Amino acid sequence: MSSEPPIKRPKITENEIDKFITGIMTAEKNLQAILSDEYDKPIPFVKVFVGTARDPKELSKIIQVLNDKIPLKELSHLKRVRKKEVLLCQSQHLNVLTQETIQEYIEHNSPELKDSFQYFREIDVPLTPPKLRRQYLECNSKMWSVNFHPDKQLERLFSDSFFPEYDLKLHRTFMSLVFETAYWYLSKHTKVELQDLFVGINIAVVVDPPRRSIVAIGLDNRQGHPLQHAAMLAIDNVAKTQNGGAWDADGAKNILSGINLDLMMHLKERYRQVMFGAKQYLEKNEIREGSKSDSPYLCTGYDVYLLREPCLMCAMGLVHARAKRVFFAVDNEFMGALKSKTKLQCVESLNHHFDVFTGFL
Amino acid sequence: MVNLMHRALQLAGEALAAKEVPVGCVFTIDGEIIAESRNTVNATRNPTRHAEINCIDYVYDYCKANNIDYQIYFSNITVYVTVEPCIMCATALSNLNIREVIYGCANDRFGGKTVVDVSNYYIQSYSLTGNILANEAMALLKQFYKGVNPNAPELKVKKDKKV
């Protein structure tokens, strides 16, 4: 048996890297929000009894009595009436031991309505209120009328045109800059091929959206230090623009201290429209009372662009830092904490939540 | 064990005095303290500078300076921390194969077991024990949260908002 020849990976020219990075910048595909699983799961059902009113003219009186004597409580998202039918109660409220019928249940809880219904039937209704129009239409047409208050922001997140063209271009530009940074970083260390951009390292770019300015960049150093993942370094680099920082924090502290200077020169050449530097940090005593100028605080209001989906340590670091939005390009199947392994942004009990977007490639 | 937690509580007290969230931590090998620290979030303007992260940095630097294999070194460490490690720290400790974590009070806001159980997603090496001098740890936190975080910006109240 002859041994196979070694697989030759085609050598990638700088020209091709450029084409790839330009591709990320100019593609028209909109981004995709990473939202809670609950929107994808089917809505759970519960069994209820409904009764057909003997006299439709009595309906409003019946409902008044029912709301008083047999309130819906946890099913308040459901309408009480549909045509001539009235929603009475959950099937589980009937006494199983005495084999109570719905007629007996009515007589027992609301005797004045004992002759109000012609006949009864048991149906499935949604146990929880629909959150999206899609779910609402599904519930409403099939089973029972449902109250629905659309959340406009949520509806927009689920549409594939969430970002208007101008914003999309901006996000794509910053993500292409992440790849440009990765390429620059790898070319300093090893001979780069395009495949290398997708494995091993991460890059984090922190942007102040209203000023479209890059505040800090994290260049992954996990080979050199187990905590120095790109996002953790970026958070520390943001701190350096606020008179703080913990890792190699001896240098000058100014609005540009979150970015490696060589890298900044390189990026400035290629991204002429992009600004660099944080907003001026002010100590407490420097902020005049009642003045409108506020000082930056952690990553509040900042967007974070990552090459790869962050791990749980970094994702929680970004929660602590109060990042506004997180964008990433490549899924992290084994460690990713915003899509792949879990969705930290959907843990309701945390004190801060950011929106997460992907879909750049 | 109680002595080591008392030391961690002392460090948490120092954090409180410095107007930091009062959490303290000691790293130990065979009952000997090899690193100790407290929260330095406000001083560094870096919200990830928790007591555990500071200790990890210290131990890592020590290993590097002394040519010690840090992976083996960390796997012998028992951590005493006054409050249950947060999701970030729990993941970091887990990645470093720490031997054991002993904490004071549970962390209902960020806990790496209580709020999101990190061991559901990553292989967790360490054993976790809680409720050691929990009341003392909680008392410090309560004292801190009675006041306001001096470094957080004032809440912006929207005035004259039309209804």
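Sequence lines set the chain letters: A, B, ... in the order given, protein chains first and strands last, and positions in each chain run from 1. This is a predicted model, so every value here is computed, not measured.
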(message) So which residue, B:I87, B:V41, B:D108, ends up with the most heavy-atom pairs under 4.5 Å with chain A?
(response)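 Winner by heavy-atom pair count: B:I87.
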(message) So which residue, A:H225, A:M232, A:K341, A:Q242, ends up with the most heavy-atom pairs under 4.5 Å with chain B?
(response)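 Looking at each option in turn, the highest pair count goes to A:H225.
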(message) Quick check on the interface: out of A:V319, A:T342, A:L298, who has the most heavy-atom pairs with chain B under 4.5 Å?
(response)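 Heavy-atom pair counts peak at A:T342.
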Does any heavy atom of chain A fall under 4.5 Å from the side chain of [X], the backbone, both, or neither of them?
X      : result
B:C89  : neither
B:Y122 : side chain
B:F74  : neither

For [X], which atoms come within 4.5 Å of any heavy atom of chain B: side chain, backbone, both, or neither?
X      : value
A:E348 : neither
A:C311 : both
A:L227 : side chain

(request) Please state whether the rings of A:F327 and A:F357 are parallel, tilted or perpendicular, taking 30° and 60° as the class boundaries. (result)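 Taking A:F357 first and then A:F327, their aromatic rings lie parallel (interplane angle under 30°).
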(message) One thing to verify: whether A:D208 and A:R211 come together as a salt bridge, which I'm taking to mean a side-chain N less than 4.0 angstrom from a carboxylate O.
(response)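 Salt bridge flag = yes for A:D208 with A:R211.
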(message) Name the residue from B:L96, B:T78, B:L93 that meets the side chain to side chain contact (heavy atoms under 4.5 Å, CB included) definition with B:Y126.
(response)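 Only match with B:Y126 under side chain to side chain contact (heavy atoms under 4.5 Å, CB included): B:L93.
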(message) Under the side chain to side chain contact (heavy atoms under 4.5 Å, CB included) test against A:I217, which residue among A:V206, A:N237, A:I259 passes?
(response)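 Only match with A:I217 under side chain to side chain contact (heavy atoms under 4.5 Å, CB included): A:I259.
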(message) Centroid separation under 6.0 Å, is that true for the rings of A:F360 and A:H171?
(response)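 No, too far apart.
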(request) Classify the side-chain pair A:T358/A:E309 by whether it contains a donor and acceptor separated by less than 3.5 Å. (result)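 The criterion, which ignores hydrogens and geometry beyond distance, is not satisfied for A:E309 and A:T358.
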(request) Step by step, work out the side-chain contact (heavy atoms from CB on, under 4.5 Å) result for B:R49 and A:W247. (result) CA-CA 10 Å; B:R49 299 315 298 187; A:W247 283 318; 3.5 Å; yes
